Protein chains: 2
Amino acid sequence: MRLESKESWLRLGRPWTWGLDVSTLYDCARLAGVSTATVSRVLHGHDRVSATTRARVLEVIQQLGYVPDGAAQSLSRRRKQVIGLVSVDRASDPIALESSSLLFADEVLHGVEATLRAKDWSLLISFCGEGDPRAFERLYSMSGKVDGLIVSEGIVGSEQLVRLAAKVPVVVVAGSRHGASTDVVTADNYAGSTALTRHLVELHGIRSFHYVDGPSSAPNALERRSAFENVIAKHKEVELVSTSRGTFSVESGRRAVEAMLKEQPPRMPEAIVCANDHMAIGAIQALAGHALAVPEDVAVVGFDDIYPGSLLDPPLTTVRQPTRSLGERACARLLERVNDPALPSVIEVLPTELLVRVSCGCGEGTRGARGPARMSAQHRRTVSGSRRSGSSKPRRTAGS
Amino acid sequence: MRLESKESWLRLGRPWTWGLDVSTLYDCARLAGVSTATVSRVLHGHDRVSATTRARVLEVIQQLGYVPDGAAQSLSRRRKQVIGLVSVDRASDPIALESSSLLFADEVLHGVEATLRAKDWSLLISFCGEGDPRAFERLYSMSGKVDGLIVSEGIVGSEQLVRLAAKVPVVVVAGSRHGASTDVVTADNYAGSTALTRHLVELHGIRSFHYVDGPSSAPNALERRSAFENVIAKHKEVELVSTSRGTFSVESGRRAVEAMLKEQPPRMPEAIVCANDHMAIGAIQALAGHALAVPEDVAVVGFDDIYPGSLLDPPLTTVRQPTRSLGERACARLLERVNDPALPSVIEVLPTELLVRVSCGCGEGTRGARGPARMSAQHRRTVSGSRRSGSSKPRRTAGS
DNA sequence: GACAACTGTCTAAGCGCTTACATCTACTGT
DNA sequence: ACAGTAGATGTAAGCGCTTAGACAGTTGTC
């Protein structure tokens, strides 16, 4: 039976390659007149091969255009060198497109990819609609194809996350802790929201607020709101006029403010704080529909620093999350854990940064003429300390 | 030696799983008291297994939480069920972020993923900086990890694409044909640009243009420009005042228009046509800096329909590419080719769609008051026929 | 009762690598 | 001259799965 095997070493045409020119390690070995072990050693360098042999083998590899089969390597090495990333999909529908935190997930993705690329690992991607009932199933079967998994908060429940983490190392991005088995990398929503609220209260002297909350299931929304409320509570003279809840979408922000405007008796706040930028965009649209100017009649702020924020009129004051770093750190942490699954789990909080633009009432002078000039990205001004400091500790930024 | 092998079937603890609870097909077989073949058949259904056995095996699988190893399956099936997607990276730097066609690539990605997900295949992602010298190397080694590759135009040269296609099926997205071996899926830039230009000439009666071209290496830019020029050439009374070349970035658009404004003698066109939206944004910024209103003083149009386009002031008239469909079609085509590499290569052109907003001079009435009201996405108006018609044939849209 | 035709299950080869171990040379020191 | 050592290379097991082919048991046919 070994004889047959040996014969197979000498075969070249593999019928299933269907005209594609694919060669194996055996082909290289045969052509170079060495054993497969030697070819493998040449390929990986980490073993002594004589210079002559190495040269000969390299030449054959070059000539055949040999590329090692990833599946075979994974199987043999007992390591796939692949990380899976599962995040929320956006639908193809343009409305839903705006509504989801689309740019956020894509930025995280780029961060992860860059980290992996540097280590020569690969990235396997999958998206799930929010609340997709088959999400867990998909994640679970994905665990057989990767060495570790990066999962966005909100894809699957806590209990399922724990089950998953028993099979494969898991890092949760932008979420909260789930049991002792998963790592978490998230942004300092609390500090960001605190800085933003203090900016409004202490610098602009705003005394009455409307708050547009995010979905109750989102830990992010929770933290942002609780920070907001804590600042309000510290200032006796400041009042939270009313609150509404949105879904993080532009449309829901618009509706929230429409509803607020229709309230009887009408109670106009001095500022509207939205749990994310999309809703802030919706809020501004709604206000514009009622001929209310931002920030003259009412200030509006968001959270996230999505791409179009600086192009808006007025440019949106918001809090920047280190989105790409979130991906980078999550990935780095995951790789550590893959190397030692026994590592104690940690929760890593990256600093956020207050971006003061115009919609809060700041701006050059008393706010210049309206118009396209507003579209410049130059309005961005960094308020918190140095950006992207190496430290990953929460940085409580002073409010102004 | 076979005896050793048999013994190994009975082993359960695999030292290298390091505390992660991973079980193999053999574990299942042993616990269920059947052979691995039977477990495999139960898993895949496509073979007759008695109801009793099936139930017993399923229970064991459930109990162990067994997930098949992807690498082993790939190796054994001689098919990885993985597609690779390589597109252009954006840097982390926010300036560069704006400059690249970031949203475009991400949209394509989502289209590809959705198609793959439906078939239970996986998606391997990699990004390359534009002009990355190691791009080919990375693509080449990726070919050992996937069954097919989707590559953005501009990542590697034509000759390298051909070499790649000899190893693994390749589909090029948003590009032009490269030899007989790769498929191409692209958008109908020519028709889109024609419709846009005709809209300006025939509806708005514009008689003088400035054109901001894209990089000369981009086939997209070429097509857009040639369509533009052909329309101009058909109208004797219309003049192309001047032309400049940008890099598709916001900044380059701004610079192009700054340069145009500084020209001596000053020659102000009635409209500025930009080869993409980013440059159009830059153009509008530059004009605003010189107190020139869009579209009152000069009309500006772009191409691509990037996300912020509808949020701008004024909302940007542009041409929509079916970005997500581009990904979907590329993927579908690739899967066909994976199943039959001998298929003749095709070039598939998806229809584009003129989106008339405000920056061309359209808009409700004679353009309402400036201000946040402009941010509404409602300004979008579809001019060409029904959107997303099933047909993939170029659709030459009438200019108005 | 012999034989064919199923049916359900098992055996074991093989997918293309990596790598522990065995082997073979060529030196070195005594 | 010979054991000892180190360097270069070969051998073959094994990674976890799929599946062709073997095999035993059951039914149906004449």
Side-chain angles (χ1 to χ4, degrees), chain A residues 1-9 11-12 14-17 22-30 32-57 61 64 66-81 144-145, chain B residues 1-9 11-12 14-17 22-30 32-57 61 64 66-81 144-145:
Chain A
M1 48 182 68
R2 257 304 155 212
L3 282 178
E4 276 180 28
S5 188
K6 270 188 187 168
E7 274 169 35
S8 83
W9 292 9
R11 164 189 38 67
L12 218 171
R14 268 158 303 280
W16 55 83
T17 60
V22 185
S23 38
T24 70
L25 197 64
Y26 292 132
D27 300 328
C28 295
R30 188 166 43 76
V34 298
S35 75
T36 59
T38 301
V39 179
S40 184
R41 286 194 276 252
V42 167
L43 234 34
H44 304 298
H46 52 42
D47 220 337
R48 311 151 300 197
V49 180
S50 76
T52 12
T53 313
R54 155 165 285 120
R56 185 151 34 95
V57 170
I61 289 176
L64 289 181
Y66 167 70
V67 179
D69 182 278
Q73 287 187 312
S74 299
L75 188 55
S76 184
R77 292 177 177 157
R78 254 144 265 160
R79 176 147 296 181
K80 305 182 174 60
Q81 308 210 150
K145 305 192 170 79
Chain B
M1 47 181 68
R2 257 304 157 209
L3 281 177
E4 277 179 26
S5 189
K6 272 189 185 168
E7 274 168 34
S8 83
W9 291 12
R11 163 193 37 67
L12 219 170
R14 269 157 304 280
W16 55 83
T17 60
V22 185
S23 37
T24 70
L25 197 65
Y26 292 133
D27 301 327
C28 294
R30 188 166 43 75
V34 298
S35 75
T36 59
T38 301
V39 179
S40 184
R41 279 186 209 113
V42 168
L43 275 171
H44 303 299
H46 54 42
D47 220 338
R48 311 150 301 196
V49 181
S50 77
T52 12
T53 314
R54 157 165 283 121
R56 185 151 34 97
V57 170
I61 289 176
L64 289 180
Y66 167 70
V67 179
D69 182 278
Q73 288 187 311
S74 299
L75 188 54
S76 183
R77 292 178 176 156
R78 254 144 268 163
R79 176 147 295 181
K80 305 182 173 60
Q81 307 208 154
K145 305 191 170 79

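Since the structure is predicted, the reported quantities are computational estimates derived from the model, not experimental observations. In the text below, chain A, chain B and the rest are named by the order of the sequence lines, each starting its count at 1.
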*Do any side-chain nitrogens or oxygens of A/Y66 fall under 4.0 Å of OP1 or OP2 in C/dC17?*
yes

*How close do B/S50 and B/T53 get, heavy atom to heavy atom, and via which atoms?*
OG-OG1, 2.7 Å

*Of the nucleotides C/dC17, D/dA12, D/dT18, which has the atom closest to the A/A72 side chain?*
C/dC17

_Is A/T24 close enough to C/dG16 that one of its side-chain N or O atoms is under 4.0 Å from OP1 or OP2 there?_
no

_Side chain of A/H44 (C-beta onward), nearest among D/dC17, C/dC17, C/dT18_ = C/dT18

*Let me know the distance between NZ of A/K80 and P of D/dG16, rounded to the nearest Å.*
9 Å

*In whole Å, what is the span from the CZ atom of A/R79 to the P atom of D/dC15?*
17 Å

*Check if the side chain of A/S76 and the base of D/dG14 share a donor-acceptor pair of N or O atoms closer than 3.5 Å.*
yes

*Starting at CG of A/L75 and ending at P of D/dA13, how long is that distance when rounded to a whole Å?*
17 Å

*asked:* Strictly below 4.0 Å: does B/S74 bring a side-chain N or O up to OP1 or OP2 of D/dC17?
replied: no

_N or O in side chain of B/T53 less than 4.0 angstrom from C/dT9 OP1/OP2_ = yes

*Taking only side-chain nitrogens and oxygens of B/S40, does any of them come within less than 4.0 Å of OP1 or OP2 of D/dT18?*
yes

*Can you tell me if the side-chain N/O atoms of A/Q73 get under 4.0 Å from OP1 or OP2 in C/dT18?*
yes

*asked:* Whether the side chain of B/R78 and the base of C/dG16 hold a donor-acceptor pair under 3.5 Å is what I'd like checked.
replied: no

*Earlier contact from the 5' end, DNA chain C, for B/A37 and A/A71*: B/A37

*What integer distance in Å separates A/K145:NZ from D/dG16:P?*
17 Å

*Please give, in whole Å, the distance from C/dT9 P to B/R54 CZ?*
10 Å

*Provide, to the nearest angstrom, the distance between the CG atom belonging to B/D27 and the C1' atom belonging to D/dC17.*
13 Å

_On the side chain of A/T38, is there an atom forming a donor-acceptor pair with the base of D/dG10 - under 3.5 Å, no angle test?_
no

*Quick one: does A/S74's side chain have a donor or acceptor within less than 3.5 Å of a partner on A/G70's backbone?*
yes

*Derivation and outcome, side-chain contact (heavy atoms from CB on, under 4.5 Å), residues A/D69 and B/K80*: CA-CA 10 Å; A/D69 182 278; B/K80 305 182 173 60; 2.9 Å; yes

*asked:* Measure CZ/B/R48 against P/C/dC10 and give the value in whole Å, please.
replied: 14 Å

_Nearest to the A/V49 side chain among D/dG16, D/dT9, D/dT19, which nucleotide is it?_
D/dT9

_Need one value for B/G33: base, sugar-phosphate or nothing, where a base atom within 4.0 Å counts as base even if backbone is also close, heavy atoms only._
sugar-phosphate

*Atom-pair distance (CZ on B/R41; P on C/dC10), nearest Å*: 8 Å

*Phosphate oxygens OP1/OP2 of D/dT9: is one of them under 4.0 Å from a side-chain N or O of A/S50?*
yes

